[in-house]
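Working notes for the structure below.
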Amino acid sequence: MSAPAGWEAVIGLEVHCELRTATKLFCGCRNEFGAEPNTHVCPVCLGLPGSLPVLSTAAVELAMRIGLALHCEVRPSVFHRKNYFYPDMPKDYQVSQYDEPINVAGYLDLPDGSRVGVERAHIEEDTGKTSHVGDTGRIHGAGYALVDYNRAGVPLVEIVSEPGITSATQARLYASELRAILVASGASDGRMEEGSMRVDANVSVRRVGDLELGTRCEVKNLNSLRSLSRAVDHEIGRQVAIVEGGGRVEQQTRHWDEDRGCTVTLRSKEEAYDYRYFPEPDLVPLAPDAAWVEDVRSSLGPMPADRRRAVVALFGAGGASDARADQVATVVELGLDHLVVAAAGAGIEPALALARTANEAAADAAAAREVDPAAYTALLQMEQRQELSATQAKAVLAELVTGGGAPVEIARRMGFEALAAGSLAEVVAAVVAEHPGEWERFCGGEAKLAGFFTGHVMRRTEGKANGKAVAAELAKLQG
Amino acid sequence: MTVGLTPDRAEASAGGAEPLSARALADAVRRGERRASEVVEEHLAAIEAVDGELGCFLTVTADGARRRAAEIDAEVAAGRDPGPLAGVPVAVKDNLCTTGVATTCASRILEGWRPPYDATVVARLAEAGAVMVGKTNLDEFAMGSSTENSAFGPTRNPHDPSRVPGGSSGGSAAAVAAGLAPLALGSDTGGSIRQPAALCGVVGMKPTYGTVSRYGLIAFASSLDQVGPVARSVADAAALFDVIAGHDPRDSTSLVDVPPACGPAVGAGVQGLRVGLVTELTDAQGVDADVRSRVAEAADALAVAGATVDSVSIPELRFALPAYYLLAPAEASSNLSRYDGVRYGLRVDGDDVADMNARTRAAGFGPEVKRRILLGTYALSAGYYDAYYAQAQRVRTVIIQAFARAYERFDVLLAATTPGTAFRLGEKIDDPLAMYLSDVCTIPTNLAGHPAISVPFGTDSAGLPVGVQILAPALGEPVMVAAAAVLERAAPSTPVPRVAAPTLATAGMPAVGGAR
């Protein structure tokens, strides 16, 4: 959805992503989701008195991968302390990067052809997790709280977009594309439901033509792409309604309430923290040398945008139709585009390869990613040569994805081999012989009777016949 | 002559190493001539006898010390070498983490907390065969210059128990002065090793920032804090430095290059050395006449020993104190945030988490700590950062550059350690600015990250010890201790403290001979 007529939304996204390192950012504790509470902790990530941080090289490398995948400039950087009190933050300050972040000035190309600027992508440490225990299940009214510090000190990269997003749809597209890049670069698993990718949206509105930006609100608690687009839409509507009603938008941090479908005030500008940033004296400045940066750059595989372009290119100079753009985006997002490319390279019609991959293989993408591209291509060849009907091909494909094996074998096991062209001809001839009246009318021009014959052939073959092949046989008998 | 002294060492310490010197004790233990258990018992007995009056220790680790001493004796009996500090009792400032042993920073807020790990320096001491006999008193979180800011009561100066030992490492300095341990660890953020060493008549050394690991040192001001030795002689201080110095992968600010060993440099002398007498740290307003005289005599002594001595003015140093009192509190305000009642130490319940945090901190911190948290929070606040914190950082750069210019002309610098000698308990406690001025001569080296050492050099007219300071450029510890050792040999004799271990009183100080 877009902003109401006459209005324009200005949206910037802040995405926190947990890095897939073996250990935490400043200590050797394991970085693992879902362990027993407070089992992956040590003096450093518990912030015990006297402990000191030592920066993980692996985390820096993954942060550079993200930056380079987003076309950022990798720069010498400095860690700062962001000071505020919170029980799940062991030191009561967060080590983050402030005015000298490691990655700056990049961009992200979206599947719809738009480009969103990336202001920065900096490294910081995650906090622990607080569970409020009590009757209501909410902070207010909780009897007490339990804190799990397993997540404290897990490396994060915060990716800050420029405020160049104009709609909820584009915001969702950006987040989804960014997630694909995070996964493709190997930096993160991008699981929003586990909190390894978290999105905050800064939203403001202005009348079309205004140069001055409106007052922005930051919306938190967006735990899915769906929440993101719903929350942004709601927030745009809320702000437009305020201004059209003669009011003024107040700068606030707001919380998305998924159940009620609205945003609610978390804190106002007056309540905003003064973080008292200053350079972290326990760490030295970080200056990756040029050789390291180039090593990381050259180890990056193609990014989703490159891969989409590769799939589109299979369709020749004209490219893929708009109708196929969604299929292209899907196969790339699910990491199945290599199947399409391999099949097309072996002579399969790109449209067939794309359709089977985006529709059928995508149903179980995790398993489909493991399928041998040669076997996948062999299957599509059988379909293209009409040795298998579309229905049969889909059935074999499902088997191939879940169990693997040679498509010819699978087809034989499923009884599809009996329908080789020769035996089909016999069945068709038998059906024609049994219905001389209908055959005469069909030959006389009553084309819709093709369905009658096909139906009988299907019944006799228990649905294994290929409709197109039946039509071809009928045409042959007509002479 | 004492047992086990090599000719080198005997010469290095001129009049001969005193019998209770750390090196003499370690040599005797390593050769099997004395048992570590016996050495440790002697010192535990001394602590028992006099520490009720002095209050040097917050915790005495008698059981642990006896166990460790027995292990060392067993090692020697088995023909193994327990290390260069074999059997030497060491007192450890109570802001250094010790596994299972209460570590309080002299603060209510950490009362009862027992660290699950050892500071790197504590581990290195153990590896060198040293025996920790206890944890020493300090100004709360090392903030202060008299050890009166301890939540557990003040430490008293062994030379005059009505006077302060200086601070914040007052417990360590007083313990060494009184003969309760030959060696102690302190920490120096703005003078907290050197100032109490001067006031107690012992040697105190602040190493180059990054040469000694800070891992396990409970932070006051991270960019200034440095652990260092307190000893009764320059050679002992050098020996302890050589044990604790070195790269630590757990401290990102730890220097990778191993600092040069100081022990071998102690006897090097000062022939041809260029010494600059810093006027701003000697003739400045507020420096007592007696102290000025001792510094002048120290300059003469260096010249007599072959150095060339000239005055040098470094006017930028007058900005050091105000810059320090923005930077150190700013870092402290952040470092001390973690004492929030959530995870360890004191908790005072409240209506909600924020109220619990506030009540805990109100009850747990003393007035000086609160004052510095307020100062630091203010200095870092939005709108004030550039005027205060950033400006102070620029001053720091200016001071580093000014020192660099001085070190183009001089190898080491000479200065007073403190403007005056030990003051009376309560004398400055209600006047924070007067207290802060106690560190005016020591703070510049912390800002620069350079090493400095304070050596006893005579007394004032009241018979109280005076300390003089040798300053050196980064990693200049060897030349610094060489100059300090020359001053030590030339110094007028220092009186035996009024309150001291019986052994020390018998041996005299510095002692010649006194074989056991």
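Numbers restart at 1 for each chain; the letters A, B, ... are given by sequence-line order, proteins then strands. Side chains are part of it too, since the values below use all heavy atoms of this structure and drop only hydrogens, waters and symmetry mates.
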(request) Could you check which of Gly216(B), Cys97(B), Pro249(B), Ser252(B) has the highest count of heavy-atom pairs closer than 4.5 Å to chain A? (result) Ser252(B)
(request) Give me the contact list for residues 345-365 of chain B versus chain A, heavy atoms only, anything under 4.5 Å, ordered by residue number. (result) Val353(B), Asn357(B), Arg361(B)
(request) Please name the pair of heavy atoms, one in Pro279(A) and one in Tyr389(B), separated by the smallest distance, quoted to 0.1 Å. (result) CD-CE2, 3.9 Å
(request) Nearest 0.5 Å please: distance from the OH atom of Tyr384(B) over to the CG atom of Asp274(A). (result) 10.5 Å
(message) Using a 4.5 angstrom heavy-atom cutoff, name the option from Asn335(B), Leu336(B), Val342(B), Leu110(B) with the most pairs to chain A.
(response) Asn335(B)
(message) Can you give me the closest heavy-atom contact between Pro49(A) and Tyr339(B), atom names plus distance?
(response) CB-OH, 3.5 Å
(request) Evaluate whether atom CZ of Phe85(A) has more than 12 neighbouring non-hydrogen atoms of other residues, nucleotides or ligands under 6.0 angstrom away. (result) yes
(request) Check whether Tyr93(A) gets within reach of chain B through its side chain, its backbone, both or neither, counting any heavy atom under 4.5 Å. (result) side chain
(request) Give the C-alpha distance, both sets of side-chain angles, the deciding distance and a yes or no for salt bridge (charged side-chain N to carboxylate O under 4.0 Å, His left out) between Asp340(B) and Lys91(A). (result) CA-CA 9 Å; Asp340(B) 58 8; Lys91(A) 302 180 294 287; over 6 Å; no
(message) For the OH atom on Tyr275(A), are there more than 12 heavy atoms of other groups (residues, nucleotides or ligands in this structure) within a distance under 6.0 Å?
(response) yes
(request) Could you pull out the closest heavy-atom pair between Arg343(B) and Met89(A), with the gap in Å? (result) NH1-O, 3.9 Å
(request) Find out whether Tyr117(B) and Cys42(A) are in side-chain contact, i.e. whether some heavy atom of one side chain is under 4.5 Å from a heavy atom of the other. (result) no
(request) With rounding to the nearest 0.5 Å, note down the distance linking CG in Asp251(B) to OG in Ser51(A). (result) 11.5 Å
(message) Please classify the contact between Pro43(A) and chain B as side chain, backbone, both or neither, with a heavy-atom cut-off of under 4.5 Å.
(response) side chain
(request) Walk me through it: do Leu52(A) and Arg214(B) pass the test side chain to side chain contact (heavy atoms under 4.5 Å, CB included)? (result) CA-CA 8 Å; Leu52(A) 294 171; Arg214(B) 291 186 297 117; 3.9 Å; yes
(request) Using a 4.5 Å cut-off on heavy atoms from C-beta on, say whether the side chain of Trp113(B) contacts that of Leu48(A). (result) yes
(request) Could you tell me whether the side chain of Thr253(B) and the main chain of Leu283(A) form a donor-acceptor pair under 3.5 Å? (result) no
(request) Would you list the pairs meeting salt bridge (Lys or Arg N to Asp or Glu O under 4.0 Å) in which at least one residue belongs to residues 143-160 of chain A, sequence neighbours left out? (result) Asp126(A)-Arg151(A)
(message) Given heavy-atom pairs under 4.5 angstrom as the criterion, report whether the side chain, backbone, both or neither of Ala119(B) touches chain A.
(response) neither
(request) Assess the side chains of Tyr385(B) and Arg276(A): does a donor N or O sit below 3.5 Å from an acceptor N or O? (result) no
(message) side chain to side chain contact (heavy atoms under 4.5 Å, CB included), that's the test. Do Ser222(B) and Arg81(A) meet it? Break it down for me.
(response) CA-CA 13 Å; Ser222(B) 314; Arg81(A) 290 186 186 176; 3.7 Å; yes
(message) Report which part of Thr103(B) has an atom under 4.5 Å of a heavy atom belonging to chain A: side chain, backbone, both, or neither.
(response) neither
(request) Tell me, for Tyr149(A) versus chain B, whether the close heavy atoms (under 4.5 Å) come from the side chain, the backbone, both or neither. (result) side chain
(request) Check for a donor-acceptor pair, side chain of Asn83(A) on one end and backbone N or O of Ser334(B) on the other, with a separation under 3.5 Å. (result) no
(message) So does Pro90(A) get a backbone contact from the side chain of Arg338(B), meaning a donor-acceptor N/O pair under 3.5 Å?
(response) no
